[in-house]
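Structure first, commentary second.
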Amino acid sequence: MTLQAFALLAAAALVRGETPTKVPRDAPRGAAAWEAAHSSAAAALGKLSQQDKINIVTGVGWNKGPCVGNTPAISSINYPQLCLQDGPLGVRFGSSITAFTPGIQAASTWDVDLIRQRGEYMGAEFKGCGIHVQLGPVAGPLGKVPQGGRNWEGFGVDPYLTGIAMAETIEGIQSAGVQATAKHYILNEQELNRETMSSNVDDRTLHELYLWPFADAVHSNVASVMCSYNKINGTWACENDRVLNVILKQELGFPGYVMSDWNAQHSTDDAANHGMDMTMPGSDFNGGTILWGPQLDSAVNSGRVPKSRLDDMVERILAAWYLLGQDSNYPAINIGANVQGNHKENVRAVARDGIVLLKNDDGILPLKKPAKLALIGSAAVVNPQGLNSCQDQGCNKGALGMGWGSGAVNYPYFVAPYDALKARAQEDGTTVSLHNSDSTSGVANVASDADAAIVVITADSGEGYITVEGAAGDRLNLDPWHNGNELVKAVAAANKNTIVVVHSVGPIILETILATEGVKAIVWAGLPSQENGNALVDILYGLASPSGKLVYTIAKREQDYGTAVVRGDDTFPEGLFVDYRHFDKENIEPRYEFGFGLSYTNFTYADLELTSTATAGPATGETIPGGAADLWEEVATVTATITNSGGVDGAEVAQLYLTLPSSAPATPPKQLRGFAKLKLAAGASGTATFSLRRRDLSYWDTGRGQWVVPEGEFGVSVGASSRDIRLTGSFRV
Ligand SMILES: *[C@@H]1O[C@H](CO)[C@@H](O)[C@H](O)[C@H]1NC(C)=O
Ligand SMILES: *[C@@H]1O[C@H](CO)[C@@H](O)[C@H](O)[C@H]1NC(C)=O
């Protein structure tokens with residue numbers, strides 16, 4: 001599609017005065033669907049020998065099948081060789097697949113329709129490859145440690161936003177007939193020592209931050225949950241009775257199965273008796289140690305693991321297979337299938353609408369047919385050693401589209417900033433001069449006579465089994481890589497119209513760059529995957545107005561976050577006070593706050609209206625997938641009128657933050673409990689509707705072991721970010 005055609009389509013999507021999205025969405029909920037699936041599974045159990053059952057719960061071993069995880073076929077019930085494949089942004093090792101945008105970019109759009117479509121398209125690709133189980137999406141790490149290596153795989157540091165994104169993604173994937181896996185459960189917040197450390201967190205923080213998005217996943221009928229590598233209170237996650245049996249299966253009413261992360265199992269009996277249902281990949285990475293298979297068989301025969309427990313594992317696994325309708329007409333496994341369809345359109349839209357404009361002095365953006373542009377940085381071009389030359393994207397060479405590790409995929413193609421800019425420049429007769437390295441020498445020559453100089457810098461991270469430029473997964477600090485600050489200074493010294501583009505896995509400290517005279521704009525372009533350059537050009541040229549908002553805080557100093565990579569065990573001393581909850585409590589001025597993002601237009605907020613039928617006290621409903629049923633009931637509605645008062649079409653993410661009454665024990669000053677993205681043509685108004693569920697008004701009462709709506713006055717703040725509050729109101733419960 002040409003850029004003009006794309007712009008026309010984007011403009012056509014702007015519906016004057018209409019609210020395109022409503023959050024949270026009333027999704028199909030399925031206790032009944034699970035019941036039918038469990039009946040089918042229970043019926044199938046009768047046809048299985050004990051050996052069949054052992055086979056269904058035990059992977060065939062590392063590197064022994066077509067997928068990263070495999071279990072053997074069981075012919076008596078037409079059960080296939082089950083294929084489980086990475087990862088959260090597409091089919092790992094696929095050859096004709098789409099490299100979808102990472103979760104962090106999807107979240108940055110705050111657009112539930114794009115997030116849902118991303119899930120649907122990913123599901124279609126996994127199904128097209130005959131894969132039964134997609135190993136994603138990611139709600140853990142949540143991202144409490146800004147340097148955390150795998151934060152980019154998830155949806156940002158707020159549990160409410162992550163929960164909505166988990167629900168939309170899972171419902172999207174599963175609507176295509178593929179089992180989704182919510183991972184990594186739970187409290188695995190860093191790469192360093194992830195396979196030895198213990199995460200010890202109090203019960204309230206566990207519920208209100210880390211468990212919250214997993215409850216959304218269960219409520220959306222996620223088929224599977226993956227237990228993580230770490231210990232919790234000294235007990236491995238994959239044999240932790242409280243975490244698996246008590247919290248996940250009883251409290252959240254999870255009807256599906258728990259699979260281990262790869263080689264995260266440490267015992268035969270405890271794993272079985274404490275809630276794990278499937279071991280992956282079935283052996284250690286040398287193929288030597290096998291903890292289930294024959295070991296589980298003897299444990300069952302000797303009564304150490306009850307037969308009923310083995311039956312329960314199998315019933316859960318088969319129920320998920322029936323739930324997704326995978327027992328009829330499922331495609332054969334073919335990871336090499338061409339499944340791309342038109343899915344790159346979603347990649348481009350998410351890459352573009354996840355871009356956050358941080359600074360735009362003198363209206364330097366959008367660009368207005370400049371005669372000459374300079375483009376600077378190694379990240380302006382495709383990795384000169386080859387697009388996929390680094391295994392699992394384990395390097396930071398050339399343009400950045402995703403972090404590294406098992407959550408990465410090979411790119412089918414890659415449009416780098418220079419590729420897209422060159423194409424666009426040709427249309428306008430603009431000259432583009434390129435300096436495709438991070439060395440400052442020679443920069444002045446390229447930058448000095450241009451109308452504007454665009455400099456691209458990066459920060460990367462990934463999974464700890466690969467070390468990149470000294471970073472074993474987690475980032476070493478929050479500075480841009482490759483001396484990005486020095487590169488920006490050199491460019492800005494030569495050109496007073498410098499535009500800084502940041503491709504990054506998470507926050508970096510921007511103080512040096514902001515203190516550099518000549519830096520007029522900062523475009524926070526995140527992780528745009530294969531559509532990197534196209535998305536950037538869409539924003540630089542105003543084909544779309546920027547509409548992304550930060551899903552984490554950008555601090556002035558690294559130590560301002562109050563959390564960092566921990567050596568030894570993590571006792572979570574910060575409790576609930578993570579990211580903006582911490583900055584608000586401690587009165588620390590962030591550089592750019594959670595939820596921040598500029599636009600090429602302006603929005604005004606008016607007419608706050610609130611209604612509530614909420615009653616104080618604990619949730620007492622029957623347990624459905626996700627917890628007590630009444631937690632999910634809408635008990636309050638807030639509306640506001642948003643008007644595009646500026647000169648161009650755009651979209652605004654209106655955000656609702658709730659302040660609990662003082663009768664609730666020490667609670668963060670404000671917590672995100674609603675958002676709505678409104679696409680509004682210039683001059684148009686729309687209504688943002690925020691539906692608050694009982695859980696959104698509740699805190700976790702540790703003494704009672706229940707979610708409780710406190711009595712008193714609830715403060716409502718609606719605004720353009722967590723600190724740019726435009727309307728306030730309150731209601732009493
Ligand atoms: C971990 O231990 C703390 C302190 O005893 C307790 O409050 C918490 O509930 C425990 N968490 C789990 C998951 O066992
Ligand atoms: C937005 O409002 C500011 C003043 O508040 C004004 O300077 C600017 O021109 C407006 N932008 C647009 C695109 O209307």
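We count ligands from 1, going down the list as the structure has it; atoms in each ligand are counted the same way. As the structure is a computational prediction, the values presented were derived from the model and not from experiment. Throughout, residue positions are numbered sequentially from 1 according to the sequence presented.
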query = Pick from Asp277, Thr71, Val314: which one makes a side chain to side chain contact (heavy atoms under 4.5 Å, CB included) with Val57?
reply =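 Passing option: Val314.
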task = Test Asp584 against every option in Glu593, Gln671, Lys670 by the side chain to side chain contact (heavy atoms under 4.5 Å, CB included) rule and name the one that passes.
result = Lys670
request  = Report the relative orientation of the aromatic rings in Trp700 and His207; use parallel for angles under 30°, tilted for 30 to 60°, perpendicular for over 60°.
outcome  = parallel
inquiry  = Classify the ring geometry of Phe675 against Tyr160: parallel below 30°, tilted from 30° to 60°, perpendicular beyond 60°.
reply    = perpendicular
query = Near Gln50 CD, under 6.0 Å, is it more than 12 heavy atoms from other residues, nucleotides or ligands?
reply =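 Yes, the 6.0 Å shell around CD holds more than 12 heavy atoms from other groups.
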Ligand-protein N/O pairs under 3.5 Å (ligand 1):
from, atom 1, to, atom 2, distance (Å)
ligand 1, 2 (O), Asn233, OD1, 3.4
ligand 1, 2 (O), Asn233, ND2, 2.3
ligand 1, 11 (N), Asn233, ND2, 3.0
ligand 1, 14 (O), Asn233, ND2, 3.2

key: Thr623 side chain reached by Glu251 side chain, heavy atoms, under 4.5 Å   = no
